[in-house]
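Throughout, a chain's letter reflects where its sequence line sits, starting with A, and its residues are numbered from 1.
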Amino acid sequence: MSEQTNGGGAAGRGIPDKPGLEGLEAAWSAWWEAEGTYAFDRGAPRGQVFAIDTPPPTVSGSLHIGHVFSYTHTDTVARFHRMRGKAVFYPMGWDDNGLPTERRVQNHFGVRCDPHLPYDPDFVPPSEPPKQPVAVSRPNFVALCHQLTAQDEQVFERLWRTLGLSVDWSQTYATIAERAQRVSQRGFLRLARRGQVYQRTAPTLWDVDFRTAVSQAELEDRERPGAYHRLRFPRVGAPGGVEIETTRPELLPACVALVAHPDDERFRPLFGTEVTTPLFGVRVPVVAHELADPEKGSGIAMICTFGDTTDVVWWRELGLTTRTVVGRDGRLLPVEWGAAGWETETPDRAATAYADLVGRTVVQAQRRIVELLTDSGDLLGEPRPITHPVKFYEKGERPLEIVSSRQWFVETLPLRDRLLARGQELRWHPPYMAHRYRAWVEGLTSDWNISRQRFFGVPFPVWYPVDGAGEADYGAPILADEAALPVDPSTDVPPGYAEAQRGTPGGFVGDPDVMDTWATSSLTPQIAGGWEDDPDLFSRVFPMDLRPQAHEIIRTWLFATVVRSELEHGSLPWTDAAISGWVLDPDRKKMSKSKGDVVTPLPLIETHGADAVRYWAAGGRPGTDTAFDEGQMKVGRRLATKVLNASRFILGRLTDGGGAGAVPPVEAVTAPLDRAMLGRLAVVVDEATTAFEAYDYARALERTEAFFWAFCDDYLELVKSRAYGEGADAGTASARAALAAALSVLLRLLAPILPFVTEEVWSWWRDGSVHAAAWPTPDELGVPPDTVPALDPATDLVLEVAAEVLGRVRRAKTTARRSMRAEVAVLTVVDAAARLDALASAESDLCAAGHVHRLVTHVGDQPSAEVVLAAE
RNA sequence: GGGCGCUUAGCUCAGUUGGUUAGAGCGCAGCCUUCACACGGCUGAGGUCGGAGGUUCGAGUCCUCUAGCGCCCA
């Protein structure tokens, strides 16, 4: 034996003199990889498989303690099911698709994508990002994305391996890789062929900086200052005017109607009449709609195309005309006043006014039009400042505009009832998380826009024919052949065409857009499970068992995955969803990188050890936000150390120098004290099993840990002298058999939480991996499963009373400021007869542990323990 | 404004269908160099369960109202 024997993989290799935790992560993760401990058994039938739809982390994001937290939860569950004999399908995905990667590449290399540039095969990014970004072609840009994400993925994998995730590393995928692209495109083509996806030019939420459409799920409201501007609209064919209030006066040229509530007496006479817009002289109707709020502003509002989402509703439901003035760059578009659609009473005046606005941003245009309206006298009074919620893209910096553009939509609104039913069918952990899904589905207002006008994403496998006039015919998309997937319509050619015909009359053009990131990640079960590409694998893992994820993406990732599975397979994608909470900083605020209080995980693992960090994570109950607490990691480390030392003691008693094979049978357990301990452990096994089955790793840990500390503090002390015995008498045999059984069970109970230290100890006396060992049962503790958790009260009392009296003896010694080894001349215990009987059967253990010379007992109503210490 | 969750010792949290003096860990204080463990052991002091009302023989545990915190959505 040497001092440096941690890890290394040789099983049954004996007990080190001075066990430690250093180096366990590196040694055992290498051994697991070499042994294939976590390899998925592809021969297992579906019923024997436990399949996990692992969340693919965004690799372009920073590593966060929150990752460690939630991924540890999933890993404990994976390990439990593996020990229960399931073939665990535990893949790892990398989400390297989409905007976050694009932005990181732009900043990291100092480049920007210009899709009009040709590919430069010799391009090398600057060594230092220049101040002025270098324009590169789309293929060059994408290559840089791949280069950087590959690096990021290695960093993540290293962290996961160090943390001890029992992932099968041969089962990895990336959301931008060929397989994911193929699955995404195939999924799209299937939707298209079934008519479940459609293309429409429609008002679209638009981020003018990212120049992309944004879906409902990506919106957030932010409170922003604004001002009500009171404008007067002259009536047509009647005296007087109508006063409205608006926060968007720059959209006056886009005004298509005024609207008030149908029951609003003030405006009822106006419904059906017309007014003209100030400055532009456009005749617009006055209409009624329930969404008009009589309390807001003057009670009557102008409808513009489009100022906000309510405008869209009014425009659609009231069948209004369209006058678009805001372009995709957020600036006002040129308008030909007097032309069709832009009819006006005063074309010259409108043109003059608009000439001051065209080309300006909405903010600049607002400033200018206020001046114009002031000069013309149409603006009444001073603008009235307010604060109101404005819609933003969650990653954006300027308010969203609403523009008309051509987008692909997945039909979700007609699915609402089926989606609600699936939400009820899914088992949620914790159950109340189901509300979030239901509320989202019930609140859906539009189909799912899956088009994004970006570059690093999965392209739509679609081209459009170009007519003789050179115009693309978007109504007749040419779909790719499934066998050819993945395709990039910007470089690949549709069936029946030649590359030379690209963009020419009679030729074709590719769809320039890429899919929303959720359009790809909604297919993670299909991507990881090998849908169509590997039908044998897919049949063994789908529908999967578990989707673990965070609660803030229930409305996006979880929802979208349910949608795709429902449309493609007519089933749930998994049976269970385990929703993890947040990591909060010690001030109970959500940790976020914007606050700069992010704790990077790897140094924590290096400081405290992976088991200790996992211990902290596993203390966070499912769905519950948990404070970041290094103190808990210290506790976890102490637990791991205790496991080493207690194991060393127990195994040292078992072997008598014999070796790994010397494991006495549980039938040798005869002493009541030993049976009481095993009885309690059987209850713990039962509770931990039930808890893990319900995905409650935290409860499993809590019960196991509580038992383990009491086991060390009381039972080990009480049994020590027998365990040190020669081994000839039955008492010693009983103690050793009980210790062996308890240790074996405890290591396996702790293995999902503390995989490294349990594997280390297991290797001292057992062959193979503890993580491949069977999950413990009450049966192997000599306790028939059907008697759990009903303990035999008389037996259990032995341990209870013995531990209690031992505590009294300790207290007396502490009070007397004496060592625990101090001799007790006489110990007098007064208690109920049954309890004294129980104590009697552990008398020799108690006296040995407490160094008690003489035990005197009296039956009495007032329990007491009098300790007379021997002279020093 | 709507929905969900939380509020128990200084801190972080348990408390499963309502039932004897409300539990744990950390921290704190004191004691013990004990032959598995000083990366230790032992012992102890700390709450009446956010507030108000109600149901009940009995409530932290059920109901109503209320305050505060957090998240999601409008």
Please state the C1' separation for the pair B:U56 and B:U64 - nearest whole angstrom.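 Nearest-Å result for B:U56 against B:U64 at atom C1': 16 Å.
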Expressed as a whole number of Å, how far does the P atom of B:C32 sit from that of B:A59?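 Result for the P pair: 46 Å, nearest Å.
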Expressed as a whole number of angstroms, how long is the span from [X]:[atom1] to [N]:[atom2]?
{"X": "A:D625", "N": "B:C69", "atom1": "CG", "atom2": "C1'", "value": "12 Å"}
{"X": "A:E630", "N": "B:U12", "atom1": "CD", "atom2": "P", "value": "16 Å"}
{"X": "A:D293", "N": "B:G1", "atom1": "CG", "atom2": "C1'", "value": "12 Å"}

How would you summarise protein contacts on nucleotides 22-30 of chain B per nucleotide, using B for base, S for sugar-phosphate only and - for none, with heavy-atom distances below 4.0 Å? ---SS---B
Candidate nucleotides B:G41, B:U34, B:C4, ranked by approach to the side chain of A:W709 - the nearest: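 Between B:G41, B:U34, B:C4, the one nearest the side chain of A:W709 would be B:G41.
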Examine distances only and state if a side-chain atom of A:D611 and a backbone atom of A:V757 form a donor-acceptor pair shorter than 3.5 Å.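 Yes; judged by distance alone, with no hydrogens or angles, the pair exists.
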Would you list the protein and nucleotides 7-9 of chain B atom pairs, both N or O, that sit under 3.5 Å from each other?
none

For the residue pair A:P752 and A:T76, what are the closest heavy atoms and their distance?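 Answer, listing the atom of A:P752 first, then A:T76: O-CG2, 3.4 Å.
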Any salt bridge between A:D714 and A:R810, counting N to O under 4.0 Å?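 A salt bridge is present here (some side-chain N lies under 4.0 Å from a carboxylate O).
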Between A:K391 and B:A74, does any side-chain N or O lie under 4.0 Å from OP1 or OP2?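 Looking at the OP1 and OP2 atoms of B:A74, neither is under 4.0 Å from any side-chain N or O of A:K391.
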